[in-house]
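Just so you know, these numbers use all the heavy atoms, side chains as well, and skip hydrogens, waters and symmetry mates. Lettering of chains follows the sequences in order, A, B, ..., and the numbering in each one begins at 1.
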Amino acid sequence: MEVFFNTYFDFSFMSEHLDEVLAGFWITIKLSLVGGFFSLLWGLILSVLRQLPGKIFAPVRWLTIGYIDALRGIPLLLVILGLSAGLATLASEGTIPREIGIPQWFGESDPFWYGVIALTLTYGAYMAEVYRAGIEAVPRGQMEASRSLGMSHGQAMRFVIVPQAVRKVIPPLLNDFIALMKDTALISVLGLVETVQTGSDLYSEFFNPSGYTLGAFMFLIVTIPLARLVDWQIAKQDAKFERGIP
Amino acid sequence: MSESILKVEGLKKSYGKLDVLKDINVDIGEGEVVCVIGPSGSGKSTMLRCLNMLELPDGGRIELQGNEIFGAGKTHDLDVLRREVGMVFQSFNLFPHMSAKQNVSIAQVRVRDRKKKESDERSVELLGKVGLEDKVDEYPDRLSGGQQQRVAIARALAMDPVVMLFDEVTSALDPELVKGVLDVMRELADSGMTMVVVTHEMNFAREVADRVLFMDQGYIVEQGKPDDVLGNPSEERTKKFLGLVLAR
């Protein structure tokens with residue numbers, strides 16, 4: 001027990017290397033926020049495309065469903081590796097501009113942006129399914145009432161359906177955000193020195209795994225309050241929609 | 001008869017093998033109040049929903065003020081049609097994330113292109129008309145069923161429709177709330193609005209309707225003045241239905 005404790009909870013090592021782990025965690029936070037923002041947006045776009053009505057839009061619906069199925073079925077790690085390799089190759093061949101193939105926008109490194117794109121592609125697909133559940137949970141009469149007033153399908157979605165759907169799915173979206181935040185660790189394969197890679201570097205150099213522990217703490221400081229927030233939101237919704245059976 | 005508002009010829013609608021509407025023909029004139037009665041499953045609501053294309057008919061023709069809006073299996077200018085035809089539903093279908101005033105304003109702004117201030121003034125005026133001047137800023141979950149339904153009527157009226165469709169609008173209400181809604185509809189009828197009312201309220205039909213249609217099994221079986229259809233029906237099926245309803 002003491003050996004275990006000394007191995008993982010070497011507090012003097014932790015305080016010595018706090019700055020490095022914090023720097024790595026800052027990358028994790030930035031990646032989560034930027035990737036999370038674009039995933040939320042892309043997921044909403046996908047879910048709306050998937051709900052377009054009529055025969056004309058059938059190909060759009062099929063393409064969207066195909067995309068969502070594919071990206072939910074492929075490991076994120078594979079998306080990260082495949083995307084970065086593909087873009088870098090195309091850029092080096094000159095097929096696409098270098099600024100797009102090897103993105104280094106706003107002073108962030110190219111692994112960072114490959115990570116943002118890969119997270120958005122994959123988590124957008126997950127979140128599209130969450131939004132879809134929310135859209136389908138809005139009673140049919142809402143669309144009928146909107147259309148009977150002369151609103152187009154698009155207006156009804158924008159002003160009536162989506163605002164109600166988003167409120168219903170805030171808790172599951174927060175859950176997906178927690179998962180996304182943890183999955184940012186996968187981008188370390190591209191050499192991005194985020195929280196996990198920092199721990200790994202410290203271990204390689206000093207043969208001390210307490211850097212991992214410190215990283216784990218930092219994740220928990222953010223994810224546990226988020227998980228509580230999710231539960232609180234769900235409890236709030238339950239209280240509003242059903243009084244419960246005594 | 002006065003100018004035709006809605007003209008329906010040979011309207012048909014099936015769900016799979018079930019033929020809900022078989023051959024509906026009716027012409028509704030300006031200012032006319034038509035009540036549609038009939039047993040459950042007779043096709044009353046389906047007919048009403050076909051009139052503003054919430055259900056796509058399988059055959060027949062529909063004209064709104066002389067312009068074909070459905071014919072030869074095709075619809076024309078759906079959004080234009082729907083803004084001219086007001087609809088009130090059994091289940092109210094208010095937008096729960098908007099106040100009463102916002103419910104009444106949203107389509108005025110987005111569909112009729114009215115300024116926000118202008119549409120809000122109109123909303124407050126209409127909510128006053130349906131007796132809810134003190135509820136303009138309440139959200140639907142804070143209103144009773146009867147109040148919600150009156151907001152829904154105001155919402156449809158805000159589009160200045162040429163005809164209003166009512167689909168069993170009091171069926172989901174507690175008995176003591178029915179009168180308030182019917183009073184609003186009665187006033188509307190008195191003001192000259194063209195109305196098609198699917199209802200189980202026989203007294204309302206008797207007092208307010210210019211014409212009563214009795215539907216059964218996808219056909220209009222009998223129609224005429226309320227006193228004739230309700231008081232002295234000529235068809236056996238009408239007699240049987242009224243016997244069951246009025247005996248309550």
Residues in [range] near chain A [non-hydrogen atoms, under 4.5 Å]:
range	result
residues 148-160 of chain B	B:R155, B:A156, B:M159
residues 83-91 of chain B	B:R83, B:V85, B:M87, B:F89
residues 105-123 of chain B	B:I106, B:A107, B:R110, B:V111

Indicate yes or no: at least one non-hydrogen side-chain atom of [X] is less than 4.5 angstrom from one of [Y].
X	Y	answer
A:L44	A:L41	no
B:F70	B:M53	yes
A:R50	A:I65	yes
A:V34	A:F38	yes
B:E63	B:I69	no

Next item on the list: Working to the nearest 0.5 Å, report the span between CG of A:L76 and OH of A:Y123.
Entry: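 If I round to the nearest 0.5 Å, the distance is 6.5 Å.
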Next item on the list: Using heavy atoms and a sub-4.5 Å threshold, report which of residues 127-149 of chain A line up against chain B, by residue number.
Entry: A:R140, A:G141, A:Q142, A:E144, A:A145, A:S146, A:R147, A:S148, A:L149
Notebook entry, point to check: Are A:T184 and A:T28 linked by a side-chain donor-acceptor pair shorter than 3.5 Å?
Noted result: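 There is no such pair between these side chains.
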Margin query: Quick check on B:M98 against chain A: is it the side chain, the backbone, both or neither that has a heavy atom closer than 4.5 Å?
Written below: side chain
Check: Between B:L94 and chain A, which part of the residue has a heavy atom less than 4.5 Å away: side chain, backbone, both or neither?
Finding: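 Just the backbone, heavy atoms under 4.5 Å.
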Check: Can B:S14 and B:D19 be said to form a side chain to side chain donor-acceptor pair (under 3.5 Å), step by step?
Finding: CA-CA 4 Å; B:S14 342; B:D19 297 329; 3.2 Å; yes
